[in-house]
2 protein chains.
Amino acid sequence: MKTKGGSTPNALLGLLTLRPMSGYDIRQLISQSIGHFWSESFGQIYPGLKQLAAEGLVEKKTERNKGKPDRHLYSITSDGRERLREWLKIPVAEEVARNELLLKLFFGEHVSISVNREHVTANMEFHQRSLKVYTATAKQLQIDHPNDPQLPYWLITLNHGKHYSGAMLKWCKETLAELDAIESKGKRRR
Amino acid sequence: MKTKGGSTPNALLGLLTLRPMSGYDIRQLISQSIGHFWSESFGQIYPGLKQLAAEGLVEKKTERNKGKPDRHLYSITSDGRERLREWLKIPVAEEVARNELLLKLFFGEHVSISVNREHVTANMEFHQRSLKVYTATAKQLQIDHPNDPQLPYWLITLNHGKHYSGAMLKWCKETLAELDAIESKGKRRR
DNA sequence: GGGTGCATGTAATGGGTTACATGATTCT
DNA sequence: AGAATCATGTAACCCATTACATGCACCC
């Protein structure tokens, strides 16, 4: 059996192994941890936590604060840990990730070269920025959690980002060169 | 304005610039062309074509066949071409692509090394296969459409695949080595 | 007889984002 | 005064896949 549904609740369980958190905390944490390859919106998180609590996979404790609204802190139960471990064992279904940039480039002949060039340039800049973030984050993680047994796994995901963005930068450069070549070929024929 | 919705109808328009096709044809063609970065199901294609026809962006002609069911052939109109061109100009929204493999590896410390190793190995094999397909397809395209002005754009998308899968292969190898390292470190401590 | 390919389409279901609704505090 | 942050949650909506429904022809 391959994973299909249920990634979201399992992502929540996974994050709650780090520490007990509220839905709001989870959202914050995602952007600082798995944000480069995962996203969850409040519309998923809050109902998701509710559901997990109903199944006994997480426990809810309400923290009352004066002035500020209540915080609903969720912590993972041992049942939750077991559920997470089971899910981690299931092979990953490799599905086609839709890539709109490639779709547009595939039909690129229908518009001017400069339009295509702009798409590629934007993508290149995105990956340049990403690369910097990956490198900086890896450094910071090693400082903040030097002996954490999870650190190697976190670095693995960051290394993925580095390879990915590095490859994309190369491809962008080649593509820009190719677009130039298409342009000059068009001029020569005219 | 960034693209959000409407990629599907525009993908259909794009494909119909190649030649008039039925919904069934489109499904077939996708797997041989944009299948590495795009997918459409019948549940999207048939209603999509209907909608495009209602907007006058495609024209429907019914081809009656004895024995076999009717074929509804759709061809793009000049309005459709204009719509496609407009869409191609809109910058691509760069959204986080969810990656379940990375999500599982991020929480990899909760399961045995071999579980993680298997995820990575499966991914490595996938990219090895993909690389072969990209190379073969590029060769075949150059034979089948040597002078097609769209060829450079098609090759650009294939080149993307090559860079991507190549980078992923490297990462997989590094990751497997890292998993070995984690394992031997664990043994040493015991 | 049964599977596969051709060919169309709808309905149910799932998964997800965005917008809405609320309201206090703190910073500028 | 107004924006941002904290904090929770629901509802509407969009997009997409899967399952269902139909039916002939061809091959094994």
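Bear in mind that the values here come from a model prediction, so they are computed numbers and not experimental data. Quick note on labels: first sequence line is chain A, next is B, and so on, each numbered from 1.
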(request) By nearest nucleotide on DNA chain C, pick out whichever of Trp38(A) and Ser22(B) is the more 5' one. (result) Ser22(B)
(message) We want to know whether Gln28(B) and Gln32(B) form a side-chain donor-acceptor pair, criterion being a heavy-atom distance below 3.5 angstrom.
(response) no
Side-chain atoms of residues 163-170 of chain B: list all donor-acceptor pairs with protein atoms under 3.5 Å, sequence neighbours left out, distances to 0.1 Å.
{"residue": "His163(B)", "atom": "NE2", "partner": "Glu174(A)", "partner atom": "OE1", "Å": "3.1"}
{"residue": "His163(B)", "atom": "NE2", "partner": "Glu174(A)", "partner atom": "OE2", "Å": "3.1"}
{"residue": "Ser165(B)", "atom": "OG", "partner": "His127(B)", "partner atom": "ND1", "Å": "3.0"}

(message) With a 4.5 Å cut-off on side-chain heavy atoms, are Ser33(A) and Trp38(A) touching?
(response) no
(request) Would you indicate, yes or no, if dT8(C) has its OP1 or OP2 atom less than 4.0 angstrom from a side-chain nitrogen or oxygen of Lys50(B)? (result) no
(request) Select one nucleotide: of dT17(D), dT5(D), dG5(C), the one nearest the side-chain heavy atoms of Tyr24(A). (result) dT5(D)
(message) Using the side-chain heavy atoms of Arg71(A), tell me which of these nucleotides is nearest: dT17(D), dG15(C), dT8(D).
(response) dT8(D)
(message) Testing Val58(B), Leu49(B), Ile76(B), Ile26(B) one by one against Met21(B) for a side-chain contact (heavy atoms from CB on, under 4.5 Å), which residue passes?
(response) Ile26(B)
(message) With a cut-off of less than 4.0 Å, is there a side-chain N or O of Arg98(B) near OP1 or OP2 of dG16(C)?
(response) yes
(request) Go through dG9(D), dT10(D), dT10(C) for me and flag the one nearest to the Pro47(B) side chain. (result) dT10(C)
(message) Rounded to whole Å, how long is the line connecting atom OH of Tyr74(B) with atom C1' of dG9(C)?
(response) 10 Å
(request) Using a 4.0 Å heavy-atom cut-off across all strands, classify Arg27(A) as base, sugar-phosphate, or nothing. (result) nothing
(message) With a cut-off of less than 4.0 Å, is there a side-chain N or O of Thr8(B) near OP1 or OP2 of dC15(D)?
(response) no
(request) Could you tell me whether Gln28(A) contacts a base, only the sugar-phosphate backbone, or nothing, with contacts defined as non-hydrogen atoms closer than 4.0 Å? (result) sugar-phosphate
(message) I need the CG-C1' distance between Leu73(A) and dT8(D), as an integer number of Å.
(response) 13 Å
Identify every side-chain donor-acceptor pair in residues 113-121 of chain A under 3.5 Å, counting partners at least two apart or on other chains, and give the distances.
{"residue": "Ser114(A)", "atom": "OG", "partner": "Ser112(A)", "partner atom": "OG", "Å": "3.1"}
{"residue": "Asn116(A)", "atom": "ND2", "partner": "Gly108(A)", "partner atom": "O", "Å": "3.0"}
{"residue": "Asn116(A)", "atom": "ND2", "partner": "Ser112(A)", "partner atom": "O", "Å": "3.3"}
{"residue": "Arg117(A)", "atom": "NH1", "partner": "Asp180(A)", "partner atom": "OD1", "Å": "2.5"}
{"residue": "Arg117(A)", "atom": "NH2", "partner": "Glu183(A)", "partner atom": "OE1", "Å": "3.4"}
{"residue": "Arg117(A)", "atom": "NH2", "partner": "Glu183(A)", "partner atom": "OE2", "Å": "3.4"}
{"residue": "His119(A)", "atom": "NE2", "partner": "Leu88(B)", "partner atom": "O", "Å": "2.7"}
{"residue": "Thr121(A)", "atom": "OG1", "partner": "Arg117(A)", "partner atom": "O", "Å": "2.7"}

(request) Select from Gly23(B) and Gly43(A) the residue whose nearest nucleotide in DNA chain C is closer to the 5' end of that strand. (result) Gly23(B)
(message) What is the distance, to the nearest angstrom, from the CG atom on Leu52(B) to the P atom on dG9(C)?
(response) 13 Å
(request) Could you tell me whether the phosphate oxygens of dA16(D), OP1 or OP2, come under 4.0 Å of any side-chain nitrogen or oxygen in Ser39(B)? (result) no
(message) Nearest whole Å is fine: how far is dT5(D) C1' from Asp25(A) CG?
(response) 13 Å
(request) Figure out the CD/C1' separation between Gln44(B) and dG14(C), and round it to whole Å. (result) 13 Å
(message) Between C1' on dC13(D) and CZ on Phe42(A), what's the gap in Å once rounded to a whole number?
(response) 19 Å
(request) Nearest whole angstrom, please: distance from the P of dT8(D) to the CG of Leu49(A). (result) 9 Å
(message) Nearest whole Å is fine: how far is dA11(C) P from Tyr46(B) OH?
(response) 16 Å
